[in-house]
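None of the values given here were measured: they were computed from a predicted structure. All chains are named by letter (A, B, ...) in the order of the sequence lines, taking the proteins before the strands, and each is independently numbered beginning at 1.
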Amino acid sequence: MARFRLFDLNDAQRAAVTATDGPLLILAGAGTGKTRVITARVAYLIGQGADPAEIVAVTFTNKAANEMRARLEGMISREQAAKVTMSTFHALCLRILRSGIDRLGYKKNFSIYDEGDQIGLVKKIIAATAAKDEKLDPNLARSAISKAKNAGQPLAPGTLVRAVGERYDLELKRANAVDFDDLLLLAVRLLREQRNLKQRWQQRYRYLLVDEFQDTNRLQLDLIALLASKHRNVAVVGDDDQSIYGWRGADISNVLQFERHFPRPKIVTLEQNYRSTSAILFTANGLIKNNPRRRPKKLWSSIGTGEQIRIISCPNDREEARFISEEIQRNRLRGDVRWEDFAVLFRMNAQSRLLEENLRRLQIPYRIIGGKSFFDRREIKDVLAYMTVLVNPHDDASLLRIINTPARGISASTTEMAVTWSAQHNNSLWQALVSPEFRGQLSARTQASLERFVALIESYTEAARKPQAEPAEPIRRLLREIDYIAELRRQCKTHDEAESREENVHDVLRDLNQYGQRASEGLRGFLDEILLDQEREEEEEDVEDRRGVTLITMHAAKGLEFPHVYIAGVEEGILPHDRSKAEGSLDEERRLFYVGITRAMRTLTITHCYARVRFGSSSPCQPSSFLKELPPDHLQRTNLETLLNTPVSEASAKTGFAQLRAALGM
DNA sequence: AATTGCTAAGTTTTT
DNA sequence: CTTAGCAATT
C-alpha cells in the first residue's frame, strides 16, 4: 500500500498526481518538485488499484530513471516498484526492436552505432560519393542526417547530403546496425507497420508518464502517441522555459501545442518553487517574460527575499576568474559552507580553463562536469569492438577498429581492398575476409594473416555468445591470446598511463561479469547497456571525488541546484552566443540563461567582462543584452574595482549571513 | 608504423 | 592560444 501522503503535496501537485485519466500536461517550473510529483503519481495510481506492470515512466537519461526508481522505492514496496517500467526513450525502443526488428529486415543481434561509428561511416561514404570538387564536412553531414530522422523530414532532394544520407542508411542496414536515432525511428516504424505489435505494446501500458517533455523531438512524440493511443492516459511533465536542446532536435511545440497532439487535456501548472529565494525567482521571471512563445507561469517561493543578485563588471576574463575563485575561498573560510555548495556556470567548456587555474592555485578542490568519457578511451573502445564483432561480425565499424589491433600483418591497403570489395559486392567487410575470391587477390603472406584473424574470431564466437555465469572469461582468453595488454603497455609513454589503461580494460571485464550476475541477455545485452548508459562511470568518479566546487556548463547544469551560484562570462556573443543570432535561436539562449539563474538556491552572482582572450588575443566585449532585461528590483550592479576597494568588515559580513540564515529559517 | 609539422577552426551534447 | 585532423616524412 502507498506510504505517501497526498496532503504533503501542494494543491497543484496534488491535482497533477490525482488526475489519473486522460491526457495531462504538467507544466513544472524549475524547482517545483517535478520528480516528487511523478513518483507520487505512480504511487497513487498503484494505490488506486493500477497494476504496477502497466505503468511506464519514460525519461531522457538513465540517471533520471534511476533516481525516480529510488524515490519510488521510498513510497511503495520494492517488489511493486520493480514492476514499474522506468526507462529512457532509447532503452524502451531497444526493447521494442529486440523483439521485433526482424520484421524490418534486420537480424536480432544488430549492433548500435555511436557517434564515432557514425562519423566513420559518413566519412567513408563521402569519400566514395562526392565528386572531386565537392566538399562536405562529415560532422555536419552526420548531424543533418540525424536531425532529418528526428524531425521525420527527408533531406533536401538532389543534394549531396541526401545522397550520403541514403547510402548511410543502406550501409548501416548491411552492417546489421542501427544508430541512436534509428532506435526511435525504427521502433516507431515497427509499431506503425505491425498492427499486432502495436496492439501488444498499447495494451501493455495503461499509464504513460513522460519526463522532460520539453526536450522531446517529433519521433519521441510519435512514439508516445502510438503507445498512448489505446488508453489515452498520458501524463507529460515539462517546462517550455527550460527547453534548451532545440539544436539537437527537441521541438518546443510539443509543449506549446500539446492540445493539438492530445485533445482536451488537463493542464496543471506548478509554480511554487522549493529551491530559491524570492529575489532569484523574481529576477528569473523578469527575464523569461521576454520570450514571446511560452506558456505563462510565474515562480514564487516562501523561502524569503534573500540576498540581492549581484552583477559584477570585470575588466577582463583573468580578473573575473580570479575574483570568483578568491571569493569562493573567502566565503568558504568564513565557515558554514562547504566547497560543494558552490558552482560556477558558463556557456562554453573553454571558459573553465581560467577558473581551473585559479582554483588550483588556491588549492580549492573542484570537479568539472562534462568532458571526455571513459568510453571514448582507446582501450575501452578496442575491447568493446572485439565483443561487438563476436556478437555481430558484419558490424564494419567495430571490425575495422580491431582488424589490425594489435598489428597482425593486415595492412591499411589490404583493409582498403577489402572495403572496396565489400562495397562492390554489397556485402559486409567480414564477408570479404572470408571470401575465397577476395583472398585470392592477396599475397600468400597476407592471406595467412587474414586466415589467422578469421580463425581467431570464429574460435571465440560460440563461447562469447553463449550465456554463462562468467561472460568475461572468453573475452579474457581472447585478449590473452592476442597479447592485447602487452601491446597496450608498449604504446604508453609513462608507467602511470600504462597502469591506468590496463586498469580500464580490467574494469570493463569486471563490469561484464557483474552484468552476467544480474541479467541473462549475455554479451549483447551488456553492450546494449553500455551504449545506452555511458554516464555510469562518471557516477563512480563522483562518489570518490564528490567534494569540491562544481564547474559546469549551463546545459549540463539543468536539473541541478547549488546554494551559491556564479554565472561567468555573461557577454554579448557568448550568452547569447554569436551563432544563435544567425540561427534565430535567441529565445533558446534566454532560456539557457534562465536555467542558469534558477540553479541558485541562496545567492547568485553574475559576472561579465569588458575584455576577453578569444582565439589567442584579447578582444573587447559588451555585457549581454539579457542583463538589460533583468528587473532592477533585486539587483546590485558593481564594478569589480569598486567591490574590492570596499572592505567588508568581519562583523557586517557575519550579520549578513546570519540574516540570510534567519530568512531561510535555518 | 610512428612521429612531425602544417592548416584550419573555434557552442551547447541527455542517448 | 589550443587542438584536431591530415599529409608528409623518417
Between E379(A) and Y484(A) the two heavy atoms that sit nearest each other are CA-OH, 3.4 Å
Give one of base, sugar-phosphate or nothing for D114(A), where a contact means two heavy atoms less than 4.0 Å apart.
nothing
Looking at the side chain of W247(A), which of dT12(B), dT15(B), dT14(B) is the nearest nucleotide?
dT12(B)
base_contact_polar (dT2(C) base, R614(A) side chain, donor-acceptor, <3.5 Å)
no
Does R347(A) have a side-chain nitrogen or oxygen under 4.0 Å from the phosphate oxygens OP1 or OP2 of dT13(B)?
no
Cationic N near anionic O, under 4.0 Å, D215(A) to K558(A)
yes
Donor-acceptor contact below 3.5 Å, side chain S624(A) vs main chain L575(A):
yes
Distance, rounded to the nearest Å, where K147(A) contributes NZ and dT12(B) contributes P
15 Å
So what does Q351(A) hit on the nucleic acid, given a heavy-atom distance under 4.0 Å: a base, only sugar-phosphate, or nothing?
nothing
Given the C1' atoms of dT14(B) and dT3(C), what is the spacing between them in whole Å?
26 Å
Which comes earlier along DNA chain B counting from the 5' end, the contact point of L532(A) or that of M348(A), where each point is its nearest nucleotide?
M348(A)
Ranking dT12(B), dT15(B), dC6(C) by distance to the side chain of K123(A), first place goes to dC6(C)
In terms of side-chain geometry, is the basic nitrogen of R353(A) or E356(A) positioned less than 4.0 Å from the acidic oxygen of its partner?
no
Quick one: is dT11(B) close enough that its OP1 or OP2 comes under 4.0 Å of any side-chain N or O from N349(A)?
no
Restricting to nitrogen or oxygen on both sides, can you table the protein-nucleotides 8-10 of chain B pairs closer than 3.5 Å?
from	atom 1	to	atom 2	distance (Å)
dG10(B)	OP1	R579(A)	NH2	3.0
dG10(B)	O5'	R579(A)	NH2	3.4

Does R401(A) qualify as a cation-pi partner of Y386(A), given the criterion of NZ or CZ under 6.0 Å from the six-membered ring centre and within 45 degrees of its axis?
no
Should R218(A) and D222(A) count as an ion pair when the cut-off is N to O under 4.0 Å?
yes
Planes under 30° and centres closer than 5.5 Å, is that true for Y245(A) with the base of dT12(B)?
no
Can a salt bridge be assigned to the pair K381(A) and D114(A) using a cut-off of 4.0 Å between side-chain N and carboxylate O?
yes
Want to settle it: does N404(A) or T88(A) sit nearer the 5' end of DNA chain B, counting the closest nucleotide to each?
N404(A)
Here the distance between atom P of dT12(B) and atom CD of E115(A), to the nearest Å, is 13 Å
Taking OP1 and OP2 of dC1(C), is either one under 4.0 Å from a side-chain nitrogen or oxygen of S617(A)?
no
